[in-house]
Amino acid sequence: MPKKLLLPGHNACAGCGQLVAVQAVMRGLDENTIISNATGCLEVTSSSFQQSAWNIPWIHTLFESAAPVASGILAALKKQGKEPLPHIVVQAGDGGTFDIGFGQISGMWERNEKILYICYDTEAYSNTGIQASGATPYGAATTTTPNGEKSIGSIQVKKDMLGVALAHGLKYVAQSTAGFPDDITRKVKAALLVDGPSYIQILSPCMPGWKIKDDEAVLMGKLAATTGLYPLLEYREGKLSASSITKDFSAKPVDEYLKGQGRFKHLHAEDLKVIQEIANKNLGKYCL
Ligand SMILES: Cc1ncc(C[n+]2csc(CCOP(=O)(O)OP(=O)(O)O)c2C)c(N)n1
């Protein structure tokens, strides 16, 4: 039996989409792994003081420093002549990735180091009470973008972090969702084979943030992909090499994904049209 890298006993919400994704990531790694983990839900729920659910070397870093800490670990191990080098993995939420750690990630990618960066995208700062981040989608109500008489919630368009990663020349960039754990595990294994930096972004439904039921995280992860809003993607050497959107793909209407989530329930028909348009664009952009 392979060693379990994240043990039972963490205190994430029962049914947490991020934890489904994390367990799928861990199945793609092995015990020769060191993790640099930014502040956020995953860090808080897996390492309450005096306890840790981690069964491998794991370091909690400042919110903004997960990437440079990973670089430092790699540099130190190289200096020591460590062979084989462990897999160096960064884990962070979308707040730590799209916003607060953004500049430092760019520096790490510039250095062209063999580090796998995983972003668990809950589309908000979940741990501090669902504030909007650069990953929050159009129309979502958060505590900093509340809906109201004159507001539909967030009016920003989600930042294209995959595009940012590709612009740094990464040889492996992928996207998945907690609705497809085997896809996540496969992508982690593929990323580890690349000689250089890699980035995987995983949509991780959050029950309190999305206002969904405890058993709906995986369903929402599936619907995100099958509506075309969050397709499963893989780029190798800068080129789209795998996509859940193919020429004969027939997308479900976005309403099927949005209607089950409290964060979107205030939206009107004209707002849904805007979101449908975002999905339609994806159907063209990511079609293989
Ligand atoms: C520099 C800095 N700013 C803000 C905080 C407060 N803070 C701690 S966790 C957190 C939310 C993390 O959000 P995200 O990175 O999206 O991860 P999630 O909790 O959603 O998994 C915030 C804002 C902090 N610790 N450090």
Using a 3.5 Å distance criterion without hydrogens, assess whether the side chain of S241 forms a donor-acceptor pair with backbone atoms of E234. yes
Closest non-hydrogen atom pair between K114 and L74, with its separation: N-CD2, 4.0 Å
F98-L166 co-clustered via ILVMFWY side chain contacts under 4.5 Å: yes
Between K239 and E237, is there a salt bridge with N-O shorter than 4.0 Å? no
Where the side chain of T144 meets the backbone of A132, is there a donor-acceptor pair that is under 3.5 Å apart? yes
How far apart are the C-alpha atoms of K211 and Q261, what are their side-chain angles, what is the distance that settles it, and do they pass the side-chain contact (heavy atoms from CB on, under 4.5 Å) test? CA-CA 6 Å; K211 301 188 175 52; Q261 301 179 46; over 6 Å; no
Tell me whether K252 contacts the main-chain N or O of A224 through its side chain, where contact means a donor paired with an acceptor under 3.5 Å. no
Under 4.5 Å between side-chain heavy atoms, counting indirect links through other Ile/Leu/Val/Met/Phe/Trp/Tyr residues: same cluster for V25 and L116 or not? yes
Under 4.0 Å between a Lys/Arg side-chain N and an Asp/Glu carboxylate O for E31 and K3? yes
OG1 of T177 to CD1 of I184: how many Å apart, nearest 0.5 Å? 6.5 Å
Supply the atom-to-atom distance T226 OG1 to E256 CD, rounded to the nearest 0.5 angstrom. 7.5 Å
Distance-only, no hydrogens or angles: does the S36 side chain make a donor-acceptor pair with backbone N or O of V90 under 3.5 Å? no
Answer yes when K285 and D160 have at least one side-chain N-carboxylate O distance shorter than 4.0 Å, and no when they do not. yes
Checking T136 side chain against E123 main chain: does a donor-acceptor pair fall under 3.5 Å? yes
Closest non-hydrogen atoms of D183 and S176, given as atom of the first, atom of the second and distance, are OD2-OG, 2.6 Å
Straight-line distance of E43 CD to I59 CD1, nearest 0.5 Å: 13.0 Å
Test side-chain contact (heavy atoms from CB on, under 4.5 Å) on Y125 and I130; report intermediate values, then the result. CA-CA 5 Å; Y125 290 79; I130 330 296; over 6 Å; no
Do the two ring centres, one from W210 and one from F264, sit under 6.0 Å apart? no
What are the two closest heavy atoms between P231 and Q175, and how far apart are they? O-NE2, 2.8 Å
Closer than 3.5 angstrom, by distance alone: can the side chain of T227 be matched with the main-chain N or O of L223 as a donor-acceptor pair? yes
Which atom pair, heavy atoms only, marks the closest approach of D271 to Y138? O-CE2, 4.4 Å
Return yes if some donor-acceptor pair links the side-chain N/O of S204 with the main-chain N/O of G17 below 3.5 Å, else return no. no
Side-chain heavy atoms under 4.5 angstrom apart, residues restricted to Ile, Leu, Val, Met, Phe, Trp, Tyr: same cluster for I202 and V194? yes
Is any side-chain N of the basic residue among K273 and E270 closer than 4.0 Å to the acidic one's carboxylate O? no
Indicate if L272 and M220 have the same hydrophobic cluster label, given that clusters are the connected sets of ILVMFWY residues with side-chain heavy-atom separations under 4.5 angstrom. yes
Under a 3.5 Å distance rule, please check whether T39 uses its side chain to pair with a backbone N or O of T61 as donor and acceptor. yes
Is it true that a side-chain atom of D121 and a backbone atom of D94 form a donor plus acceptor pair closer than 3.5 Å? no
Nearest 0.5 Å, what's the CD1-CD1 distance between I35 and I88? 10.0 Å
If every non-hydrogen atom of S151 is compared with every non-hydrogen atom of P146, which pair is closest and at what distance? OG-O, 2.7 Å
Answer yes or no: is there a donor N or O on one side and an acceptor on the other, between the side chain of S46 and the main chain of L42, under 3.5 Å? yes
